[in-house]
Structure formats: structure tokens, C-alpha cells
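The first residue of the sequence shown is numbered 1, and numbering continues consecutively from there. Keep in mind that the numbers below use all heavy atoms, side chains included, and drop hydrogens, waters and symmetry copies.
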Amino acid sequence: MTRARMPRPHEVAAAQQDPRLQRAVRERQTDDAWRTRGACQSVDPETFFPAPNEPADAAVALCRTCSVQGACLAWALEVGDCHGVWGGTTPRERRAMLLAWRGQVERDPDAVDEAGPPVRDRLLTLMPLSR
């Protein structure tokens, strides 16, 4: 297993202009039931988690036809999921997008108030502490 490298500044700059990221920012937190309408519901989940040496072209192509692509990508960026194809992006693309995402979400005060804490933080508050 190889260690993922940090995105370079030009990759982050390109991610900021990526229409998929812009759509994710617009569609985040707008629909909690997006998973039930995903085009991926009728496909083997293994399609979206190819081996490191296999291309993810089939999954990315399917995601391009999906109506909930923005919400899917927003969820992956919100929770920091770095495996598989989410919202039509590969893990490498999302690493650069994640830096751009954090910058855009933090700059948008309405989005921060509206969204609340990240999903993983909300889940931690719901889990009882074991003693």
C-alpha cells in the first residue's frame, strides 16, 4: 500500500474551479435522502472501489449520469472519505478538492451555521461513552 501524497498548490487551484466541487458546495445539506436516488443503487458496490492498479472509469462514467452527484461528493468531502469513487471523483481528485472544500466552507459563514458540525462530530455526540 502506498501513502497518498499531499496535493500540490496548482492541483488545489484547479480543484477550486472544478464544476463538480462547485455543484457539491451548492447541493450540500439540501437533501438527506440522496442515497436512495443514486444511480449506484442498481450496480455492484465493488465497481466503486477498484483495486489501486485498476481504472475507475466505469464508476466515474456512471456517476456522470447521476442526479445526486453533487450531494454525494459533498458527503464524501464532509466526512473526509478517501476511498472509492464518490460523486464522480477518484480519491486523488478528492484530496485536492478537500483542501478547496475546507477553504470554501469556512469562508461561507451562512454555510457553516446552516450545516453545523461535520458529520463525524455529530455522530460522536450521539454515541454513548463507554466506561
Between side-chain atoms of residues 36-49 and protein atoms elsewhere (two or more places apart, or another chain), which donor-acceptor pairs fall under 3.5 Å?
from  : atom 1 : to    : atom 2 : distance (Å)
Thr36 : OG1    : Ala33 : O      : 2.7
Arg37 : NH1    : Asp31 : OD2    : 2.9
Arg37 : NH1    : Ala33 : O      : 3.4
Arg37 : NH2    : Asp31 : OD2    : 2.2
Gln41 : NE2    : Arg35 : O      : 2.8
Asp44 : OD1    : Glu46 : N      : 3.3
Thr47 : OG1    : Asp44 : O      : 2.9

Note, Gln22 side chain near Gln16 side chain (heavy atom, < 4.5 Å) =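 A side-chain contact is absent here, since even the closest heavy-atom pair is not under 4.5 Å.
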Taking C-beta and beyond as the side chain, do Arg28 and Trp75 meet within less than 4.5 Å on heavy atoms?
-> no
Are Leu98 and Val25 connected, step by step, through hydrophobic side chains (Ile, Leu, Val, Met, Phe, Trp, Tyr) whose heavy atoms are closer than 4.5 Å?
->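 Linked within one cluster.
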Report whether Val85 and Trp34 are members of the same hydrophobic cluster (ILVMFWY, side-chain heavy atoms less than 4.5 Å apart, transitive linking).
->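 Yes.
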Looking only at heavy atoms, what is the nearest atom pair of [X] and [Y], with distance?
| X | Y | value |
| --- | --- | --- |
| Gln69 | Gly88 | NE2-CA, 4.0 Å |
| Gly87 | Cys72 | N-SG, 3.2 Å |
| Pro50 | Pro55 | CB-O, 3.9 Å |
| Ala74 | Ala24 | CB-O, 3.5 Å |

Which residues pass the side chain to side chain contact (heavy atoms under 4.5 Å, CB included) test with [X], sequence neighbours left out?
| X | value |
| --- | --- |
| Asp18 | Arg20, Leu21, Met97 |
| Ala76 | Asp81, Trp86, Arg94 |
| Glu11 | Arg5, Pro7, Arg8, Arg92, Ala96 |

Gln17 side chain to Ala14 backbone, donor-acceptor under 3.5 Å | no
How many angstroms lie between CZ in Arg95 and OG1 in Thr89, if you round to the nearest 0.5 Å?
->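 It is 11.0 Å, given to the nearest 0.5 Å.
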